[in-house]
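Owing to the predicted nature of the structure, the values given are computational and were not obtained by experimental measurement.
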Amino acid sequence: MSKIHAVVLAAGQGTRMKSKLYKVLHPVCGKPMVQHVVDTMASMQVQDIVVVVGHGADTVRAKLGEDVTYALQEEQLGTAHAVSQAAPFLQDKEGTTFLLYGDVPLLSATTLSALLTYHEEQQAAATVLTALLPDATGYGRIVRNEAGEVLRIVEHKDATEAERAIREINTGIYCYDNRKLWKALAEVKNDNAQGEYYVTDVVGILRDAGEKVVGYEAVDPEETMGVNDRVQLSEAEAYMKKRIMTGHMRNGVTIIDPASTYIEADVKIEADTVIHPGSFLRGQTTVGADCVIGPQADLTNVDAASGVTISYSVMVDSSVESESSVGPFAYVRPGTQIGSNAKIGDFVELKNAKIGDGTKVPHLSYVGDAEIGDGVNIGCGTITVNYDGAVKHKTTVKDGAFIGCNSNLVAPVTVGQNAYVAAGSTINQDVPDNALAIARERQVNKIDYANKMPRKGKKQS
């Protein structure tokens with residue numbers, strides 16, 4: 001197989017999106033449209049990916065990073081003009097070049113690999129990815145000869161009645177012999193009503209030069225969908241969501257109700273995990289085998305090991321080790337690491353906290369900026385008092401300690417190994433190993449107090 005290159009057009013403004021956000025950066029299942037295209041190319045081990053940018057160029061660069069090459073289209077003079085901006089990076093190379101679009105995010109590696117294989121088998125100068133539509137109104141039609149080769153692409157407004165009856169359309173996606181592409185591109189003229197240079201003219205130029213141009217029909221036409229407004233964005237989202245769900249289920253994940261579950265494109269889930277309704281799995285979340293996620297779990301960039309249960313809870317930028325449970329109604333904030341066989345119960349908030357193996361924080365507690373050892377019990381209502389108004393301080397609770405209910409641990413403070421903190425204590429000094437800390441006022445009972453107090457409805461003398 002020859003070397004593979006790609007040109008991704010991402011320079012259009014996208015005014016129909018009616019958005020401050022540049023069009024190709026609108027997300028589909030958690031990832032910008034153009035990132036889907038670039039990631040697909042990367043998965044196919046494409047050697048050179050040139051992204052043609054224009055409007056919002058700096059923003060696109062910031063999002064895609066340095067893994068691609070950028071070509072700047074300063075003026076918007078048509079698709080052929082946009083492609084030509086990549087010439088300095090590719091025109092002297094051998095191989096095959098894809099032409100793709102940053103607002104066509106649904107194309108799969110499977111479809112593009114099939115297109116590439118067909119192109120190389122046919123030894124064509126260009127191969128057009130086509131689609132067969134029930135209603136082709138508005139699309140450019142593929143006109144073939146008796147041998148099945150592509151003679152020309154006719155735009156709808158220019159087509160005859162016979163040509164308008166053709167249901168095979170041009171998706172705008174191509175494979176080219178790289179050297180032949182740049183030679184033909186140099187011959188494209190702008191003698192049309194719009195005064196623009198159209199990449200579709202390359203097909204005619206190649207045919208006139210006696211080159212072979214063929215078409216490969218996409219198995220699923222929906223993959224070729226372009227996104228130009230919010231309606232099409234929602235349609236692309238629905239298609240991508242279904243594809244993601246199907247992939248996970250075919251890989252052994254049970255999704256109880258796909259319609260009420262949201263899983264983004266980069267999420268990874270191992271077999272025999274069950275996802276309950278109302279759950280959101282976002283970003284770089286990974287879920288191990290034999291987990292139970294949900295109902296209504298919201299996980300963003302979470303690393304959950306095997307055998308974990310998370311229900312009715314929110315976790316962000318955090319991790320949980322095997323056989324632990326989180327929730328219901330817990331909030332696990334960034335920087336938190338939960339060990340194995342741990343229990344994080346209802347109405348618990350964790351932030352930047354390391355929770356040891358077998359430790360329990362059963363309910364109604366806040367643990368922030370803390371390192372909690374193995375086998376610790378954190379009683380109901382415990383708070384790590386980590387902020388003095390200017391600086392965050394750390395709380396350390398060592399292995400085997402027991403923290404009684406309604407305790408305040410005023411950081412910086414350390415509770416030693418196997419130590420006890422009595423319920424209701426406010427601890428602002430370190431507690432030695434094996435000690436019992438009691439930090440509360442001595443109880444005083446006022447005998448007969450109630451009889452000396454005025455009561456409602458009782459006339460005072």
pair Tyr176-Thr96: side-chain heavy atoms closer than 4.5 Å: no
Partners meeting side chain to side chain donor-acceptor pair (under 3.5 Å) with Thr127 (sequence neighbours left out): His119
Residues forming a side chain to side chain donor-acceptor pair (under 3.5 Å) with Asn178, sequence neighbours excluded: Thr97, Trp182
More than 12 heavy atoms from other groups under 6.0 Å of NZ on Lys31: yes
Asp48/Lys3 ion pair, N-O < 4.0 Å: no
Identified salt bridge (Lys or Arg N to Asp or Glu O under 4.0 Å) partner of Asp369 from the options Lys351, Lys394, Lys354: Lys351
Spacing of Tyr101 atom OH and Leu9 atom CG [to the nearest 0.5 Å]: 5.5 Å
Polar side chain donor-acceptor pair, Gln47 to His5, under 3.5 angstrom: no
Lys212 and Gln122: side chain donor to acceptor below 3.5 Å: yes
Minimum heavy-atom distance His81-Gln85, with the two atoms named: O-NE2, 2.8 Å
Gly283 backbone acceptor or donor facing Glu264 side chain under 3.5 Å: yes
Side chains of Lys392 and Asn352, donor plus acceptor under 3.5 Å: no
Exam field: side chain Thr336 to backbone Arg333, donor-acceptor pair closer than 3.5 Å: yes
side-chain contact (heavy atoms from CB on, under 4.5 Å), paired with Ser319, selected from Asp303, Thr286, Ile338: Asp303
Arg152/Glu163 salt bridge by N-O under 4.0 Å criterion: yes
Contacts of Gln337 that satisfy side chain to side chain donor-acceptor pair (under 3.5 Å) - sequence neighbours left out: none
Nearest-0.5 Å distance, CG of residue Asp220 to CG of residue Leu107: 10.0 Å
Over all atoms of both residues, closest heavy-atom pair of Ala342 and Ser324: N-OG, 2.8 Å
Close side-chain approach of Lys241 and Cys29, heavy atoms under 4.5 Å: yes
Check: His156 and Tyr139 side chains under 4.5 Å, non-hydrogen atoms: no
His393 vs Asn386, side chain to side chain contact (heavy atoms under 4.5 Å, CB included): CA-CA, chis, key distance, verdict: CA-CA 5 Å; His393 298 282; Asn386 57 328; 5.6 Å; no
Test item: Arg16 side-chain N/O and Arg230 main-chain N/O as donor-acceptor pair under 3.5 Å: no
Side chain to side chain donor-acceptor pair (under 3.5 Å) partners for Arg164, two or more places apart: none
Sidechain-backbone polar pair: Ser425 side chain, Ala439 backbone, donor-acceptor under 3.5 Å: yes
Parallel, tilted or perpendicular: rings of Phe329 and Phe347 (30°, 60°): parallel
Lys/Arg N to Asp/Glu carboxylate O, Asp298 vs Arg282, below 4.0 Å: yes
Pairwise distance CG(Leu116) to OH(Tyr216) - rounded to 0.5 angstrom: 11.0 Å
Donor-acceptor contact present, side-chain His26 to main-chain Leu233, <3.5 Å: no
Salt bridge (Lys or Arg N to Asp or Glu O under 4.0 Å) against Asp399, all qualifying residues, sequence neighbours excluded: none
SB check Arg61 Glu66 (cutoff 4.0 Å): no
Intermediate values then yes/no, side-chain hydrogen bond (donor to acceptor under 3.5 Å, both in side chains), Thr130 and Glu217: CA-CA 5 Å; Thr130 72; Glu217 183 185 327; 5.2 Å; no
Minimum side-chain heavy-atom gap Ile275-Leu281 below 4.5 Å: yes
Student check: side-chain heavy atoms of Leu181 and Tyr174 closer than 4.5 Å: no
Heavy-atom closest pair, residues Gln76 and Gln73: NE2-O, 3.4 Å
Residue pair Thr300 / Val314, side-chain heavy-atom distance below 4.5 Å: no
Distance-minimising heavy-atom pair for Arg141 and Ile166: NE-O, 2.9 Å
Side-chain (Ser43) to main-chain (Thr40) donor-acceptor, under 3.5 angstrom: yes
Exercise: identify the closest heavy-atom pair between Ala305 and Cys291: O-SG, 3.0 Å
Donor-acceptor contact below 3.5 Å, side chain Thr171 vs main chain Ile173: yes
Met33 side chain near Pro27 side chain, heavy-atom distance below 4.5 Å: no
Whether over 12 other heavy atoms sit under 6.0 Å from Tyr420 OH: no
Note, Leu185 side chain near Val83 side chain (heavy atom, < 4.5 Å): yes
Approximate separation, where rounding is to 0.5 Å, of Gln232 CD and Tyr239 OH: 15.5 Å
Interatomic spacing from NZ in Lys360 to CG in Asn341 - rounded to 0.5 Å: 10.0 Å
Donor on one side chain, acceptor on other, Glu223 and Thr111, under 3.5 Å: yes
Minimum heavy-atom distance Pro277-Thr261, with the two atoms named: CA-OG1, 4.1 Å
Whether Thr414 side chain and Asp430 backbone form a donor-acceptor pair below 3.5 Å: no
Stepwise side chain to side chain contact (heavy atoms under 4.5 Å, CB included) check, Ile344 with Leu350: CA-CA 9 Å; Ile344 308 302; Leu350 307 178; 3.8 Å; yes
NZ on Lys268 to NE2 on His248, rounded to 0.5 Å: 9.0 Å
Thr59 side chain to Ala57 backbone, donor-acceptor under 3.5 Å: no
Lys/Arg N to Asp/Glu carboxylate O, Arg144 vs Glu149, below 4.0 Å: no
Any donor-acceptor pair under 3.5 Å from Thr69 side chain to Val50 backbone: no
Pair Leu21-Met17, side chain to side chain contact (heavy atoms under 4.5 Å, CB included): steps then yes or no: CA-CA 9 Å; Leu21 183 64; Met17 297 297 289; over 6 Å; no
Under 3.5 Å donor-acceptor pairs involving side-chain atoms of residues 373-384, not counting sequence neighbours:
residue, atom, partner, partner atom, Å
Asp374, OD1, Asp357, N, 2.9
Thr382, OG1, Gly379, O, 2.8
Thr382, OG1, Gly404, O, 3.4
Thr384, OG1, Gly368, N, 2.8
Thr384, OG1, Gly368, O, 3.2

